[in-house]
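Notes follow the structure.
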Amino acid sequence: VEATVTAALTTVSTDPNDSALTAKGYFNFMKIAAPSWVNGSVNGSPSGVSGHSGVWTGNDFVAWGGNLGSGQLTRAGGIYDPNADSWIALSTVDAPEARISHSAVWTGSQMLVWGGFGTISYLKSGGRYTRATQFWAAMTTTGAPDGRTDHAAIWTGSKMIIWGGRNGSGFLNDGAIYDPAADTWTAISVAGPPAARHSMSAVWAGDRMIIWGGTGVSGELNTGSQLIFSGGNPTSWTATSTTSGPSTRTDHTAVWTGSRMIVWGGKQGGGFLANGGVFDPTGNSWAPLSNTGAPAARSAHHSFWTGQEMLIWGGTTGAGTIANGGAYSLGGDSWRSLSTAGSPLLRSATAAVWTGSDLLVFGGLNASSQP
């Protein structure tokens with residue numbers, strides 16, 4: 001009797017029903033447990049803070065600003081190296097004014113900080129932190145938009161776009177573009193912007209900024225617009241379709257996959273949402289997103305595109321803050337749960353970044369303190 005042994009190839013996928021693999025004859029024969037959370041060192045870390053910003057430089061995590069508690073704002077921060085599990089302090093020499101609810105983007109060499117609320121007012125100032133030299137440089141306020149919070153801040157690859165938000169004058173539908181190389185602001189003067197709003201989502205889609213949802217003067221919105229760029233300059237606003245799109249919402253998140261924008265979660269009329277939609281800017285059309293196995297409804301959470309999945313973590317529900325999440329596969333239109341083993345304390349107003357392989361979370365506010 002002769003036995004025939006067929007060679008087999010084993011591969012790993014985050015989706016147990018990965019259609020791309022099953023189409024090639026693969027089948028799911030086992031599951032591998034996801035790794036648990038690991039506590040990072042707190043030696044040398046910034047003080048407990050909430051409402052701060054965080055960016056990933058490609059090598060380390062930079063946290064800056066925020067509220068130390070009881071309204072005490074800070075202009076300090078720290079740099080965390082996950083490989084060495086160590087912190088170093090961020091210089092405060094020439095750092096911007098202390099603030100909360102500001103925005104920060106990473107340019108590839110600098111962290112740009114702008115806006116937010118200071119001790120007594122909305123701020124139209126900011127600063128540029130160069131990681132290599134660890135020096136701060138001032139950011140011009142000439143031509144800068146009015147101070148604001150809850151605005152969109154997007155990095156295009158060469159410039160930062162600020163749009164929308166709110167301040168003491170109300171809700172805003174204006175903005176400007178900042179060029180860090182020239183230290184100049186240029187107002188966005190393109191006709192036909194979307195309605196004024198705050199707490200909306202915004203993504204950069206290669207040649208356009210897509211604004212969607214948020215809170216307008218009449219409540220939550222299910223509308224948006226695409227600011228189209230040509231030759232590096234904004235040329236037109238194009239309204240996003242609402243046909244088959246998600247319901248109205250605010251404090252949701254959106255990620256850009258390289259070809260689609262995925263919107264998920266948020267709040268509507270005081271209730272929390274656990275659904276969303278997938279937007280194709282080329283066809284100006286929406287597709288549904290599966291709710292099966294989705295994380296619990298929430299708002300003010302974090303979301304990231306890993307290159308394969310959208311990660312959802314943390315946020316606030318009707319029962320309070322949470323420290324769990326899920327991962328959504330666009331190709332499989334399916335969800336999986338993230339491990340909660342060793343997860344951080346429940347918290348809100350945190351800073352979180354995706355490193356390319358890990359999710360890093362720092363600071364925030366829980367029921368009694370700022371972790």
Side-chain angles (χ1 to χ4, degrees), residues 11-15 17-24 54-59 103-108 152-161 163 177 200-213 224-241 244-246 252-266 275-290 294-295 301-313 325-336 338 352-360:
T11 190
V12 177
S13 174
T14 56
D15 181 2
N17 300 309
D18 193 322
S19 59
L21 294 179
T22 56
K24 296 178 181 178
V55 300
W56 176 248
T57 71
N59 296 297
S103 55
V105 301
W106 177 248
T107 72
I154 297 293
W155 179 247
T156 70
S158 61
K159 297 178 177 66
M160 176 177 69
I161 308 174
W163 190 86
I177 300 172
M200 60 283 178
S201 58
V203 299
W204 177 249
D207 64 349
R208 65 196 66 195
M209 176 179 69
I210 307 175
I211 297 288
W212 191 84
S225 194
Q226 304 178 63
L227 180 61
I228 312 297
F229 280 67
S230 179
N233 299 309
T235 57
S236 64
W237 286 101
T238 300
T240 57
S241 171
S244 302
H252 55 286
T253 58
V255 298
W256 177 247
T257 71
S259 62
R260 302 286 191 276
M261 177 180 72
I262 308 177
V263 167
W264 191 84
N275 56 34
V278 181
F279 179 70
D280 175 4
T282 302
N284 195 19
S285 60
W286 289 94
L289 184 154
S290 173
H301 48 284
H302 295 285
S303 68
F304 305 95
W305 180 249
T306 70
Q308 295 180 316
E309 298 176 302
M310 174 180 67
L311 299 186
I312 298 292
W313 188 84
Y328 173 76
S329 166
L330 178 60
D333 189 28
S334 59
W335 289 92
R336 65 181 179 89
L338 299 183
V353 298
W354 174 250
T355 71
S357 60
D358 298 291
L359 173 62
L360 300 183

With rounding to the nearest 0.5 angstrom, report the CG to CG distance, L289 to N275.
8.5 Å

How about I154 and W256: do any of their side-chain heavy atoms sit closer than 4.5 Å?
no

Backbone of P246 reached by a side-chain donor or acceptor of W286 within 3.5 Å:
no

Could you tell me whether a side-chain N or O of W56 sits under 3.5 Å from a main-chain N or O of T355, the two making a donor and an acceptor?
yes

Shortest non-hydrogen contact between V263 and A254, atoms and distance
CG2-CB, 4.1 Å

Full working for ring-ring contact (aromatic ring centres under 6.0 Å, His included) between H302 and W354
CA-CA 10 Å; H302 295 285; W354 174 250; over 10 Å; no

pair E309-Y328: side-chain heavy atoms closer than 4.5 Å:
no

Rounded at 0.5 Å granularity, tell me how far CD1 in I211 sits from CH2 in W163.
5.5 Å

Does a side-chain heavy-atom distance below 4.5 Å link F229 with W204?
yes

For V105 and A153, which heavy atoms make the closest approach, and how far apart are they?
CG1-O, 4.0 Å

Set of residues satisfying side-chain hydrogen bond (donor to acceptor under 3.5 Å, both in side chains) with respect to S303, sequence neighbours excluded:
T253

Short question: side chain of S201, backbone of W212 - any donor-acceptor pair under 3.5 Å?
yes

If you take all heavy atoms of L311 and A327, which pair is closest and at what distance?
CD2-CB, 3.6 Å

I210 side, atom CD1; M261 side, atom CE - distance, nearest 0.5 Å:
5.0 Å

Examine distances only and state if a side-chain atom of D280 and a backbone atom of S285 form a donor-acceptor pair shorter than 3.5 Å.
no

Nearest 0.5 Å, what's the OG1-CH2 distance between T107 and W155?
5.0 Å

Go through the structure and list residues passing salt bridge (Lys or Arg N to Asp or Glu O under 4.0 Å) with D358, not counting sequence neighbours.
none

Specify the closest pair of heavy atoms between N284 and T240, including all atoms of both residues, with the distance to one decimal.
OD1-CA, 3.4 Å

Residue pairs passing the side chain to side chain donor-acceptor pair (under 3.5 Å) test where at least one lies in residues 225-239, sequence neighbours excluded
R208-Q226

